[in-house]
Structure formats: C-alpha cells, structure tokens
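Bear in mind the structure is a predicted one, so any value in this text is a computation, not a measurement. These values consider heavy atoms only, across backbone and side chains, with no hydrogens, waters or symmetry-generated copies. One-based numbering along the sequence shown. Just follow the structure's listing: the first ligand is 1, and inside any ligand the first atom is 1.
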Amino acid sequence: MKRLNQILILIMSAIIISCNNTGQKTETTDEQMEQKDDYKYLLEQFADLKIMRYQVPGFDELTLEQKKLVYYLSEAARCGRDIIFDQNYKHNLKIRKTLEEIYKNYAGNKDMEDYKNFVVYLKRVWFSNGIHHHYSTDKFIPEFSHEYFSELIQNTEGAEFPLDDGQTIDELIPELTSIIFDPEIAAKRVSLDSSRDLVKSSACNFYEGVTEQEADEFYNKMKDPNDKSPISYGLNSKLVKKNGVVKEQVYKVDGLYSAALEKIVYWLEKASKVAENKKQQAVIDKLIEYYKNGDLNTFDEYNVLWVTDLASHIDFVNGFTEVYGDPLGMKATWESVVNYKDVEATKRTEIISANAQWFEDNSPTNPRFKKGEVKGVSAKVIIVAHLGGDCYPSTPIGINLPNADWIRKEHGSKSVTMENITYAYNQAALGNGFLEEFCYSDEDIELSKKYGSLAGNLHTDLHECLGHGSGQLLPETSPEALKNYSSALEEARADLFALYYLMDEKMVELGIMPTLDVAKAEYNGYIRNGLMTQLTRIEMGKNIEQAHMRNRQLISKWCYENGMEDNVIEQVVKNGKSYYKINDYNKLRGLFGELLAEVQRIKSEGDYEAGKNLVETYGVIVDPVLHKEVKDRFAKLNIAPYGGFINPEFLITKDGDQITDIKIEYPEDYTEQMLYYSENYSFL
Ligand code: ZN
C-alpha cells in the first residue's frame, strides 16, 4: 500500500542541477566562484558523496521570538536522529556507536590506507543513517578487511563499546563482523523485487518475525473499504510477531523510541510557548499530543491543523512522515525540516497556485479524471534553517504534505520549494565540467547556463504545487491499486504535468517565465538525464529500482521511442560519445501530454497491469553499453553523484536564564558535527 501522494522529491542532485549551472569549461575558476558568492559551499568529497553546507538568509531579520521558535524546533529536529538509524536497520546504532568509539580512541597508526578507509566507512554510515546506501539501499561493504576491523577494536583503549548485557568485546567482534562484511546478510534495506517476500528480503526495521502476507493480512483486517477518511494504517509502528501473535509496537512516549520522543516533546513544548499565533500553537500542541498517545486519529487532526496554518511565517515538518523506507509503503521514517517563508520568491508560486484551476481544466487528461474543484494548493518557497532525521544530511529539494489522500482532497496540501538548498547545490557544482561533457551543443550549454536554474525551480514548483495535487481517483478505485509501482507512476504523473505546462504560453503570460526558451532548457536537461546522465548513479550490471529514477527514464524513453517516427529526439554519436538531441520541442510537449493522459488514466482507474507494463518496459532496464560509456565519461570528471548538507549552529546569548539573542553560524567540519550530534543528541 504505497501512499499515492508521497512527494518528497529526492534530490535530483548534482546531476541535473550541476548541469544547469556549470560555468565554461576551463574559464570557470575559483575566482569566478568568489565573484558570485565567497561562501564555501562544497566542504568535502568521499566515496560517491559530497558534503556541502547551506546559508540561512534572513535569519537576523527575524524577531527574537521567531528566532527562539526556529531554535527550539531545530533542537527537536536533532533529537530524532537515532530513530532513523534504528528504523533503517536494527543493528545500525550499535554499529555507529562502535565505529565512533574506535574513531575517538584508536591508538594505532592513523596514516595507514586501512585506517583512512575505516574513516570513509564511518563517514558513509553517518551519511546514510546506517550501513545501507541512502539512495540505492544496497549494503555497502568497507574497503578494509574484517581482520583489520578486529584489530581496530582490540587496539582501542578506554572505549565504551555498546555491549549487550553480559557481552564481551570478544563476542562483539564476530557479531558485528558478519553484519558488516557478509554480503548475504541484510543485503538490501528496501527490496522492491516482487518475486520475493518483500518484508523478508528487506533489512529495514519495520517488521520482525512476520512475512509480507502476515503484514498484509494484519492491516487488511483493520481497513474498512467504506471509510472515506481512513487513518494511515501502520504508519507509526513496528509490526512484530511474538509467540505466534502479530502485534504493533507503537512509536510514542512510553512506547517504542520513547527516550528520543520525550526529548522531541520537551523542545516542542518550548516551541509552543513562543508560537507566532494561536493556530500555530494548536498545531504544535496537537503534535505533542500525538507523540504522547501514538493515535493515528490524532495524527490526522494534527495534519488538518498543520495544512490549514497558512499565516505563520515559520513552519516545520516533524514526524513519521514518508514511507519510501518500507517495501510495503505503510511505515514512515522520522524526519524534520525547520523553515520559514521566502516572501519575495513565494510570489512566483502564488501565481501558479492562484491559477491551479486553469491548469487542471486545461490538462490533456480525460475530464472524468479531473478534479472539479482544485482545493487549497498552497505553495511557497522556503528557506531551510534545519534538517533532521531522514532529511539529513541527504535532503529533498521540495516537499508536499500531508500524504493522506482524503486530507489533501478535503483540506488541501502544503507544497514547498527549498530554494536555499537548491542554490547551495548550484553553487557547489560551479565549474565541475558536467555540462560540457553531456550537452550536445554549445547552444544547449548556453541555454542551460542562462535558464537552467529558473527552469529547475519552475519544474519543482509545478510538480509540487500542481502535479501531485491534480486529478482524482474514480470512486471505486482503491488508492493502493498500483502497489509497488505506485511511487514511480505518481512521480511520473507529477513530472509530466510539470513538463507539459512548462512549454505553455500561459507561463509567459503569467509573468513567471520570460520566454519559452526556459522550457527548452528544462526539456534538454530532463531528456539528457532520463536517458543518460542519471545512469551515473547506477552500479554496472544493475537495473533501475529507485522510484524517481524509474519515473525519469520511463518518461524519457517512452517519448524517445514513441517519437521515433518523427525523429522528435535523436541519438547522435559525436567523437565516439553519445548525446541526445531534441529536434522538435512542440512534438515532445505533445508526447508528454499523451503520456500524462495515460498515466492519469492508470492512476484514476487503478489499472495495475498497465502501470506495471509501463514501468517495466521503459523505466527499469538499462542498456549496458550506454551505461558503461556514461559511467566512464562521468568518472573522468571526478564529481560525487550524491550530496548532502551539514546544518548551521545557533549561538545563544543569555542573560541569566533568558535568551537575549540568537545568531547563526556555519560550521565547516562534517565529522565534527556528526560526533557532536552523537555526543549530545543520542537517546536510544
Ligand atoms: Zn514528487
């Protein structure tokens, strides 16, 4: 039961974004970067990851009460860090703590290659909130031997290893060795291979001792098909079978994760006292109530309050929210984003929202599948002040919540574009050579440089504010009908909606785009990414599994093949390198519209077979020859394909117990921040 409207756009990352913003091939220098902004965005790179930082413009202009609110909510965001580690895999916390103890206390030679590889492994565990890759969800294996691991533990004096009751260090070593080094154990965090038991083949910690069938039966029994406002079954619990009985362990104060949730509640209570207005206070108080009672009805009440609080300047996400981490799409990982409104940039999304009904009415989908009345598409551009849980350090660039279909339909949804994050991405990618390597012509490069950034932001706006909110299910269609294909198809639907409208004169008419060349820049980038450059993130020999990536290839490949007769998109080989070139932008737009109509039909009717067929035919399979070429070309550029951010710090000035001022500071050291969080915000 994948939620249809789960919307966190996982970062398209450097791949699309750097493409939008790279400078000239050789001329782009550090000097040029300085001219634009002398803040250091890119901090370090290791494995396939880069660590960046973002700025929080406008913080100094907030009132003291608003600053306190941001600060308290940020503290709450930090307190959930251990939860996501544990949700991702039940041994993650033990592993992290062990590695950190080694890092802090190891007395041996730290210049050895083995030790450096150990540090890289620890940094990767921090980044992924566990031992599985944050994006592919495959377990990554250290580049040092298990003998060396054992040596590290034995030569670490004064360490406080996380031993179980009565366990000795000699017992800890083999326990962790098999978990970390054996490729067969917990190979994948989230398995979407429907030929196997999805629950049993996934390492995530949402189920214990139950099979996929038992989990399905457990929840199907609860559901009432006539309930028009169903709770999000199973969202905030672990399902466990003990002595033959299947039972939920609920995440709540005095339940599972109580120690961390108590701290979160502590900071939320402080936040409640400095809320900007009564409505916002009610939102925070309702969240506290939900953390205390674990009742999903309270969670829905909270969501209704939250989604209708539109007046507050400061806003936040805090809770068990997205279900990507559960192969059955029911159980949510804990995350938090603290933010406030970028008033100037929000004017753009307000125009889009104000015209939501026009977009719905004019979309190329069958009238039966359209919403008669599009409700409450509230969209804003935000400045992120803090990231936590599943949003840290790898973060989305846009969020659209809540996920429950009936709340979205009756009360609307909030959609945000995280512009200081995309800006930081762009700045960090300056001059990396990506664009020059994969664009077909100088004209493409120019277009990308000129309009790529605006195009990317508008795509996100349309995708989030309109795409996910558009259309409706037929009354008899179950929201879970598309099962394991629902995420990829839902993302495709939102992307297609955005792509189709980007090249509409209406965009220029509304004054949010100076010329349709902006759309050309987006079309070039989208097709290039969907057919080619996103392959840089797939390991050789593997196919595509991640929902957003499946969606992008599905759209690009479908349009490539269905436009072949008219040569809409052409594959060109130049100097032994492959490129994709768009010959007819209007026809491509027509193809986007056609596919949008079909994907909307599939969703509205719940046509599982057609959905499966579309995803499997176009979204999954990778051409190994092109794959290798793209990987080789990318490797030469030395760019990490994934990125994440460290958080700012707050400098508190006090007079006695009273906070008199809060300033923001931007640390530069990833390791320091991770150790600091582990030291001060670890409660499980
Ligand atoms: Zn989306």
Legend entry - Tyr290 and its ring-ring contact (aromatic ring centres under 6.0 Å, His included) partner, picked from Trp306, Phe299, Phe320, Tyr251: Phe299
Legend entry - Minimum-distance atom from the Zn ion (ligand 1) among N, O or S atoms of Glu491: OE1
Legend entry - Glu301: salt bridge (Lys or Arg N to Asp or Glu O under 4.0 Å) partners, not counting sequence neighbours: Lys286
Inset, instruction - Return yes when at least one N/O/S atom of His463 is nearer than 2.8 Å to the Zn ion (ligand 1), and no when none is. - result: yes
Legend entry - Test salt bridge (charged side-chain N to carboxylate O under 4.0 Å, His left out) applied to Lys380 and Asp461, Asp342, Asp315, the passing residue: Asp315
Inset, instruction - Tell me, please, which residues at least two apart from Ala424 pass side-chain contact (heavy atoms from CB on, under 4.5 Å). - result: Tyr41, Tyr54, Phe645
Inset, instruction - With the Zn ion (ligand 1) as the reference point, give the N/O/S atom of His468 that is nearest. - result: NE2
Legend entry - Backbone or side-chain N/O/S of Glu490 under 2.8 Å of the Zn ion (ligand 1): no
